[in-house]
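Right, one structure below, let's go through it.
Count residues from 1 along the sequence. This one's a predicted model, so the numbers in the text were calculated from it and none came from an experiment.
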Amino acid sequence: HMREEKTMKALHIHLYKSLSYRLLSVCITFIISFILTGSMALAGSIASIDALIKFVVYFLHERAWGKVFKRLKLKKHLSRFKA
């Protein structure tokens, strides 16, 4: 039960980090898109699509790295018991 709570807490932390980063990035993408196109509607569309795709990619990237670090910690822990 405790392990499940830690897993959910880690999942929420990754989610919040992903959201805050995406909000900052969408503003930058919108500004660049508006400068390049001169259209607020087109810039909004570009920024929206970019935000959605990059949110998912960032979230999955964070989760993957979390698993890598977990495996590295496990290997380090197990190496203590090798003769």
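- With a 4.5 Å cut-off between side-chain heavy atoms of Ile, Leu, Val, Met, Phe, Trp and Tyr, the cluster of L42 takes in I46.
- Every residue two or more places apart in sequence or in another chain was checked for a ring-ring contact (aromatic ring centres under 6.0 Å, His included) with F55, and none qualifies.
- The hydrophobic cluster containing F69, built from Ile/Leu/Val/Met/Phe/Trp/Tyr side-chain heavy atoms closer than 4.5 Å, also comprises W65, V68, L72.
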Ignoring hydrogens and angles, write down the donor-acceptor pairs under 3.5 Å from the side chains of residues 23-30, residues two or more places apart or on other chains.
{"residue": "S25", "atom": "OG", "partner": "Y21", "partner atom": "O", "Å": "3.1"}
{"residue": "S25", "atom": "OG", "partner": "R22", "partner atom": "NH2", "Å": "3.4"}
{"residue": "T29", "atom": "OG1", "partner": "S25", "partner atom": "O", "Å": "3.1"}
{"residue": "T29", "atom": "OG1", "partner": "D50", "partner atom": "OD2", "Å": "3.1"}

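- Partners of K17 by salt bridge (Lys or Arg N to Asp or Glu O under 4.0 Å), not counting sequence neighbours, listed by chain and number: E62.
- Cluster annotation: L15 and Y58 are assigned to distinct hydrophobic clusters (Ile/Leu/Val/Met/Phe/Trp/Tyr, side-chain heavy-atom contacts under 4.5 Å, transitive).
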Quick one: side chains of residues 2-13, donor-acceptor pairs under 3.5 Å with protein atoms, not counting sequence neighbours, listed by atom name and distance.
{"residue": "E5", "atom": "OE2", "partner": "H1", "partner atom": "ND1", "Å": "3.0"}
{"residue": "T7", "atom": "OG1", "partner": "R3", "partner atom": "O", "Å": "3.0"}
{"residue": "H12", "atom": "ND1", "partner": "M8", "partner atom": "O", "Å": "2.9"}

